[in-house]
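Step one of this worksheet: look at the structure below.
When reading the values below, keep in mind they use all heavy atoms of this one structure, side chains included, and skip hydrogens, waters and symmetry mates. In this chain, residues are counted from 1 in sequence order.
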Amino acid sequence: SLSEVGLAVSSRTGRVAVNAGVSGVFLYDVRTGAPIGDTPLDYSANSSALSANPSFGGSLQFSADGSVLALGGFDGVLNSWNSATGNALSPPLAAGPASLTQAISPSGNFIATTNGTNNTTLWQISDNDGDGTTVLNTQVNRPKVVAIAPGGLLIGYISSGRRVTIARVVVGKAGNNAPDRTVTIPGSGSLQSISIDALGNLIAAVSQDNEITITNLATGKTRVVDSLGTQVKLHVALLLSPNGRYLLARFALDTLRGGGIIYDLRTGKVAWYGSIVDRNLVTSESGYAFSRDSSYLAVGGLHGKIMLVHLPDGKTVRTFTVDADFASALAFSHDGEELAAGDVAGNVTIWNTRTDALIASYAGERDFVSGVAFSADQSLVGAIDPAGEMIVWDTVTGNALSPLFETGLNVGGSLSAKLAAGPGYFLTAAADGSVSLWSTIPAMWIEDLCNEAGRNLTFAEWTSFDLLGPYRKTCAQWPPDGG
């Protein structure tokens, strides 16, 4: 009986590897059940970090052809083996410190590692008692703050200090080749949060001193919207409405005390205010969403209450209720007629915003929804949790399609993973600054399924994905009976 903390399978070779933590790494032939090489495999750890628990946890991975098995340990040590023999390909490599992940080249000759301090190293691995030669070592300054524009066509990130870069999301090789644009926001102190409008004309920013500014990229002018003071340490997150008229400043003192302020940038007035101490009962983790035409704001309050606020008058015109403490994530459909709410119990509920009618309710296998979004054609709705795991549902059948959308992000932290939708894709943004695109077009899933399975899908596997249509040969490179 193994205490399994990591698992990797190679469909090409029929081999499975199990990382059993303190018990070791075990390699088996799936077809015979026989162990490969010494059991457990010979590997070492960073004795100063985990002398009794070598490479406990970590990232276990086969190369594309299944010939190489690698383990990037939480202790920062990289181990690699020939999966046919179980022999080590090189001595353990000190690639840390801490939290190591790796990627193996298709040939299996190179392994790239990234550690907890964002150092990326390329290692050349030898099968003949090589020493694991360092080919490349570089420091990756991944942005920690990423903003996704409404509509999912642009992303913005704080590249350093008060410098903000706006990049266009490009899908495929024939995308828009417009260069990224980097600007410096005037003022003092580094920035803690930014937001951009749908067209990328405006950048809202808040400094560590809680000064909120808006920059017009067409005129190059920056003005101060508000200053929330420095007497109390606040975490402030910003959200511009799609048309750039309204700015939400979401503030938090701790995990409960906080709220939100809506500024009307056209008039300079506050259009709406909510907090834990007023009648709106809004917490620091309440969900917010603007409608696509920017005329409504949805806000999650305590006791499962969701308020639909009309702008610019700030009046609550409708309320909805979820069966949880509060709605932690909200999203309007693209036509504005549906509202999706993800709650702290892991569920997603959809209503018609005009009739108040309940449209659907989906139960998730997670405790907290940190992001929710409709696909552009509204055929799918997705929800992501703080750890970056995403579930996607077919809005017609109600079936979950999560096997196609495992993001693999391990970001942690409340409300740290974001989810948005663009034309034909979902975007996920993690707290470490990584952004991923996931196609919402069924025809594009088939190639990924071929690569994942390494064979044609069976009839049962194919039909488990409702949106793929009638059963047919999955992979062009294999005959219909090729697995």
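Using a 4.5 Å heavy-atom cutoff, the side chains of Ser159 and Thr182 are in contact. Within the 4.5 Å cutoff, no side-chain heavy atoms of Phe332 are placed close to those of Glu338. Side-chain atoms of Phe320 and Leu339, non-hydrogen and from C-beta on, do get closer than 4.5 Å to each other. Looking at Leu191 and Ile185, their side chains come closer than 4.5 Å, going by heavy atoms from C-beta outward. Within the 4.5 Å cutoff, no side-chain heavy atoms of Pro35 are placed close to those of Phe26. A 4.5 Å side-chain heavy-atom check between Leu78 and Pro92 finds every atom pair outside the cut-off. Side-chain contact between Phe426 and Ser375 is present, with heavy atoms from C-beta onward closer than 4.5 Å. Inter-residue side-chain proximity for Val68 and Phe62 is flagged as unmet; no heavy-atom pair is nearer than 4.5 Å.
Separation of atoms CG (Leu60) and CD (Gln102) is listed at 8.0 Å; rounding is to 0.5 Å. Going from atom CD1 of Ile36 over to atom OG of Ser83 covers 6.5 Å, rounded to the nearest 0.5 Å. Taken to the nearest 0.5 Å, the CH2 atom of Trp123 stands 13.5 Å off from the CZ atom of Phe110. Here Gln208 contributes atom CD and Gln192 contributes atom CD; the two are 5.0 Å apart, rounded to the nearest 0.5 Å. The CG atom of Leu199 sits 8.0 Å away from the CG atom of Leu154 when rounded to the nearest 0.5 Å. Note that CZ of Arg250 and OH of Tyr288 are 6.5 Å apart. Values are rounded to the nearest 0.5 Å.
With hydrogens and angles disregarded, no donor-acceptor distance shorter than 3.5 Å links the side chain of Ser190 to the backbone of Gly161. Listed for the Arg15 side chain is no donor-acceptor partner under 3.5 Å among the backbone atoms of Leu69. A donor-acceptor distance shorter than 3.5 angstrom exists from the side chain of Thr395 to the backbone of Ser379, with no hydrogens or angles considered. Checking side-chain atoms of Ser195 against main-chain N and O of Leu240 turns up a donor-acceptor pair under 3.5 Å. Between the Gln61 side chain and the Ala70 main chain, no donor and acceptor come within less than 3.5 Å of each other. Proximity of a side-chain donor or acceptor of Gln378 to a complementary backbone N or O of Asp335 within less than 3.5 Å is detected. Side-chain atoms of Asn82 never come within 3.5 Å of backbone atoms of Gly86 as a donor-acceptor pair (strictly under, hydrogens ignored).
The side chain to side chain donor-acceptor pair (under 3.5 Å) test applied to Arg162 returns no partner, not counting sequence neighbours. Partners of Ala249 according to the side-chain contact (heavy atoms from CB on, under 4.5 Å) rule, which considers only residues two or more places apart in sequence or in another chain, are Ile212, Val236, Leu238, Tyr263. Asp377 meets the salt bridge (Lys or Arg N to Asp or Glu O under 4.0 Å) test with no other residue; sequence neighbours excluded. Among residues two or more places apart in sequence or in another chain, the side-chain contact (heavy atoms from CB on, under 4.5 Å) test is passed with Ala341 by Ile306, Val322, Ala327, Leu330, Trp351. Not counting sequence neighbours, the partners of Ala420 by the side-chain contact (heavy atoms from CB on, under 4.5 Å) test are Ile148. The side-chain contact (heavy atoms from CB on, under 4.5 Å) check on Asp325 picks up Val344, with sequence neighbours excluded.
The shortest heavy-atom contact between Gly33 and Tyr28 is O-CD2, 3.8 Å. Heavy atoms only, all atoms of each residue included: Ala198 and Ala149 are closest at CA-CB, 4.3 Å. Scanning all heavy atoms of the two residues, the minimum distance from Val369 to Ala383 falls at CG1-CB, 4.0 Å. Nearest heavy atom pair, residue Gly152 against residue Val169, reads O-CG2, 3.6 Å. Summarising the geometry of Ser67 relative to Ser63, their closest heavy-atom pair is N-OG, 3.2 Å, with the distance given to 0.1 Å. Between Ser10 and Gly66, the closest heavy-atom pair is OG-CA, 3.3 Å.
When each of Thr349, Asp343, Ile384, Val381 is tested with Val372 by the rule side chain to side chain contact (heavy atoms under 4.5 Å, CB included), just one qualifies, namely Val381. Each of Ile194, Asp180, Val183 was compared with Thr165 under the side chain to side chain contact (heavy atoms under 4.5 Å, CB included) criterion, and only Asp180 meets it.
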Worksheet item: Should Ile155 and Leu427 be marked as a side chain to side chain contact (heavy atoms under 4.5 Å, CB included) after you check the CA-CA gap, both sets of side-chain angles, and the distance that decides it?
Response: CA-CA 10 Å; Ile155 60 171; Leu427 284 94; 4.0 Å; yes
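Between Tyr362 and Trp393, the two ring planes are parallel [angle under 30°; tilted spans 30° to 60°].
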